[in-house]
Structures are given as C-alpha cells and as structure tokens.
Amino acid sequence: MPLSCTRSCHANIGAPGIIAAMQKEQLIEWLTVGVRSAGLSDTAVPALERPKQAEHGDWATNIALQLAKPLGRNPRDVAAAFKAALDASPHPLVSEISIAGPGFINIRLKPAAKFSVVADVLKAGEKFGYGDARKGEKVLVEFVSANPTGPLHTGHARQAALGDTLCNLLETQGCMVHREFYYNDAGNQIDNLTRSVQLRAKGVEPDSEGWPDDGYRGEYIVEIGKQFVAAGGDVNDGAAVREFAVNVLRKEQDKDLTAFGVKKFDCYYLESSLYTDGRVDKTVTALQVSGHTYELDNALWLKTTDYGDDKDRVMRKATGGYTYFVPDVAYHVSKWERGFHTVVNIQGTDHHGTIARVRAGLQALDMGIPKGYPDYLLHSMVRVMQGGEEVKISKRAGSYITLGELIEWVGKDAVRFFLVSRKADSEFTFDIDLARSQSEENPVYYVQYAHARICSVLREAAVSDEALAAADRGLLTHEKAEALATILADYPALLATAARDLAPHVLPYYLREVSAAFHSYYGAERIRVDDLALRAARASLAAATAQVLKNGLQLLGVSAPTKM
RNA sequence: GCGCCCGUAGCUCAGCUGGAUAGAGUAUUGGUUUCCGAAGCCAAGGGUCACUGGUUCGACUCCAGUCGGGCGCGCCA
C-alpha cells in the first residue's frame, strides 16, 4: 500500500477521527524520513513491532541492526546516527526515543496518542476494525462440502467454524465474500447410501450375508429407511430411496449448521451439474487440445508431472468414466470464470495430495490461471476421546461423534471458540468427558465474562453515550489503562493479518489478551467514582473494550452476553 | 520407500517477514472482597524449544540430516 502521507500531514495529528488506526503508518513514514536524512539508506523501510516487554516502550524497530552489516558499521553507532536524525525532527505523537540492547530503537508514545483509539472505537462501533484495503475483491471460500451421506462430524465442525470465521474476517477487509458448499452428488457414495438404506429397510444387518463391506452402518440409515416406508415409499425403487435419503440428510446438515451459527451459504454447487452442463467434457477437450494428455492402456492420462505433480494422473478410466479429479478441475474453472480470482478451499489434511493435481490441471488448460490457484486452508482431523478411549471418526463405521452432539454437550459458543483457537493444521483431541465436566473452564467464558462484567459496570456507572464520546481521556493515567488501550489499538491490524494469512486462530487468542488487560485494569482502578469527568473517562475506556470484545466474538460466531 | 504436515512447561497450545530475559491457559502452591460482577486479580514454582550440525551480529523461527508422530501416495471420492 502506497504511503501518500508526507511530513505535512503531521500537522493534523491532533484532529479526531481515524488517527489511531493510522498511527503505525505515520510512525513508519516518520522513521523512513529519518533513515533518509541520516544517510543510512535510500530504500530501506523500517518495520515497527510491539516489544515483548512493555518496559521497552510502545513500539520498537530493528532497522539499525539490519542496516549495520551493509553499511559495515557497528549497530549501536547506526542506531545513534538514526536517533540523532529523529531527534532533529520530533514527531508529535512520540514522547521518548531510546537505544537499547544491540541496537534496537524503542519508541514511547504520549498518553494522548495511546488513548485516541477509544474515540475511534466509540465512533466506529460495530465497524471498528474494518478496513477497505481489499475493497471489492471477490473471494470465494469453499468449506464443509460434506457428502450428503450422513450427519456432519467433528471434522466438519472444525471446518465450519474455521470457514465461517475466515469469511467474516475477509469481509472486515472489504472483500466480497462468496460462501460455497460443494456437493459430491454424482459419485458412488450416493449409490452406497441408497443401497445401505434399502438393505437396512429389508432387515439386513451390517456384516450379515449380503451386506457390502463399505455399507453405511450408522443408526441414521435405519431411521431414514423407516421414515421412507412410513411415507409410503417402495424400498425397491432405488431412485426414490436415493432422493428421499439425500433430502433428509441435507436437511439435517443444514439444521446442524444453523444451530452452529454458520451463516447461510451463497451457493450449493452440485457435482452432477458439471456433467449435465457440459463443463466436464469441455475441460477434457481443452486439456487434449493443450497437448498435455496421452493414451495408455486404454485410459486417457494428463501429464501433471509437467506441473510439479509426482506422477501423471488418469482422467478417463479404461472402463469409460472420468476419475474424480476431472470434475474437480472443471469445478475450479467454474470458480475462475465466475470471477473469483481469490479462492480458498478449506479441507482436511487428508486431501493435501489432491492439491498438486488440481493445480496442475488448471495450469495445463493454459488459460491464465496463476500457479498457486486456488489457496488451501488445511485442517487436521479432530480426535474424539471418551471414557479414556478414542472414538474412531469414520463415516463408514457410523460410530463418530456428530456436530449436533458436540453442541448438545458443550454448547455452540464453546465449541466454536475452541475449534477456532487452534492452528488449523495442528491436531487436537476433543475430550468429551472433559468438555462436559469442565465447560466452565473453557476460555470462551473468560472472554464472555469480561464483556458481561463491563456491561454491568457501565449500567452502574450510568454515563450517557454523549458523555462517553466527549470524555477527557487526558484524565487516564494508570499504566494498566495505557496497556489496555494499546491492545485495543492492535485490533484492526490483527484482523488484516488474520485474513491475509488465513489464520483465524489468532482472534480467540487476542480476545483473551483484551479480557486479561481489562480485568487487570479493573482490579487496579475504580470506574464508578464521584468525579464525573474522571468517571466518564474511565467508563469510555471500558465501553471501548466491550465494543472490541463484542466485535471479535461476533466474527467468531460467539455470543457476547450482557449478563451471565 | 517417496511426498506434505507436526514435535515448545505435567497437560492443551501461542510465538507475526530471524531479534532483547521463550509466553498464555490449565494443573500445583500462597496471597487477595466493609467499595462498580472473585467465572476475577496478584504472585511463586515448572523448559536441553525432539536431537545433531550448518547459515550470521543474532535461530523456537531459515537450511541439511537423524529420531518420533499424523496424513497422503488407486483407472476410489
């Protein structure tokens, strides 16, 4: 992002508005000017980061350390020259500049600069943290994409929580987000479902004679059979059984997702439509024309090794049908042609092997699709423990824990917060017994409690919105108040990086920090004091904190109770 | 065997494009309420960042190898 800001804008720093959100950029610009005027570099742009330890100041830069080597100078000397240049043209937000350790430059801000974020939050309200850096960018996020052959399990739950939150995060950056659910309704999984329902309806038990090895064993199969018969259906009518079963399961999945607080999908894309609308045939033809295919053993192959895959892949089987990866490529062409040049697929890590070949297929089409298209956010499976033993997650076995059960046991808020809290690719164990017995200790309650506590305090303090907005933040002096305001000011940048890095897990972590900073401040200073001006100032900081907590929880799909 | 991911406190996990004394929660121990919500706060103990070597001013972070774990490697989806 270009920095159009020059020195002239420093004169406007005292003005209210979006100052806090711009502070970092302004400081970087100031530092960059300092680097130039000190004659250290014509191109280097200093990076600003929060020091791990608060005593070191509000911001720090390691630019002197980085420039020392190319300049052939001692880092401390470089830092001294840099500091001299900065001292020569002081920044109105900065109260102190110091050199520390091997050559860090630590910067301390004036209190007014730190507390300006409070006014920003109160003014922006629910939109605080939103930016327009990616305004108008069309982004498609595909997630859940469960086969309509059974209830959603804990893996789907993780995917739904990650996907929904990621979509929300992208929207805060101005993206036009399209939520898509891909339905594998054309494969033999559906045939298997149909057959399983028919057999159970006829009284054939799993593992008895005539039961297929890969038949679905779950109890829901029996229930669907009963419902079908009760509705007057003919079990021998495969097409009718199939339609009925898929319909029932789709409804159940939708019900679970709704209960999980997942926003409505914009589109349910049917795999079968890729065949009926000719996209599959068109894709095959295009690949043949591209010259990257060949025939061998009566099958048609694509030379995906030309694009980094470790072996070539069959497109059309000797028996005549296409392998699954052909409609997959056709599907992604559809995403591209619908104008989505940023696409994120959220899938289990067990699908990582398919990434190379899908991308290879898209490359081979030679239609200008970039190499790394689409993006993937892979998550590892959720292991479920119960009674000290692992419950195997297997759709075929039917013995897995469902999303509906998780919600029933620990509640939607806790499940969502918990599932997003972990990095997507780290495995984790969901201990059902623990979650049941200790749900009160789930971190989500800590954050929700902070929000409820603030709401309660604000009710007691009875400061009007006008008085909150007009409060004199210069009255805030406690270091814990400064620490809290500093954390609040990080929120917009946090959302931007979480969206950019496809890393929703940083949000729960951040909300915990905000809550901790508030609780700590609350213990140090009384809000409802007799001095009304002071009361308003402190209440305004609390109100801003509640707003950030509420905004963050909303992105996670977790409620922000005003009392609990 | 090959490919991708992972290995951080007793347990569950953070650690941003390499930066200062490796952090949270939980568990353990000890404090804390005549006053706005104690589901809180304050503090203590707890570490060979799997191991070995390399890159450099500096490595949990980057590279190579070893060990251990997960997943994938079908003319299944």
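The chains referred to below are lettered A, B, ... by the order of the sequence lines, with proteins before strands, and numbering in each begins at 1. Predicted model, so just to flag it, every value in this text is computed and none were measured.
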Q) Considering only the C1' atoms, how many Å lie between B:U56 and B:C63, rounded to the nearest integer? A) 13 Å
Q) Taking atom P in both B:C62 and B:A20, what distance in whole Å separates the two? A) 16 Å
**Q.** Closest nucleotide among B:A20, B:C13, B:G37 to the A:Ala60 side chain
**A.** B:A20
Q.
Under the criterion of centre distance below 5.5 Å and interplanar angle below 30°, is A:Phe104 classified as stacked on the base of B:A20?
A. yes
Protein and nucleotides 72-74 of chain B: nitrogen or oxygen contacts under 3.5 angstrom:
unit_1: B:C73; atom_1: O2'; unit_2: A:Lys311; atom_2: NZ; d: 2.7
unit_1: B:G74; atom_1: OP2; unit_2: A:Lys311; atom_2: NZ; d: 3.3

(Q) With rounding to the closest Å, how many angstrom separate the C1' atoms on B:A9 and B:G15? (A) 14 Å
Q | Pairwise C1' distance for B:U34 and B:C49, with rounding to whole Å | A | 49 Å
Q.
I'd like the P distance from B:G68 over to B:A50, given in whole Å.
A. 16 Å
Q: Please state the P separation for the pair B:A38 and B:A22 - nearest whole angstrom.
A: 34 Å
(Q) For a quick check, tell me whether the side chain of A:Asn106 and the base of B:A20 share a donor-acceptor pair closer than 3.5 Å. (A) yes
Q.
What is the distance, to the nearest angstrom, from the CG atom on A:Leu65 to the C1' atom on B:U17?
A. 16 Å
Q) Would A:Arg422 count as a cation-pi partner of A:Phe418, with NZ or CZ less than 6.0 Å from the six-membered ring centre and within 45° of the ring normal? A) yes
Q.
Please determine whether a side-chain nitrogen or oxygen atom of A:His505 lies at a distance below 4.0 Å from atom OP1 or OP2 of B:G15.
A. yes
Q) What distance, rounded to whole Å, do you find between the two C1' atoms, one in B:C5 and one in B:G19? A) 27 Å
Q | Phosphate OP1/OP2 of B:A77: any A:Thr149 side-chain N/O under 4.0 Å | A | no
**Q.** A:Tyr268 six-ring centre to A:Arg250 NZ/CZ under 6.0 Å and within 45° of normal
**A.** yes
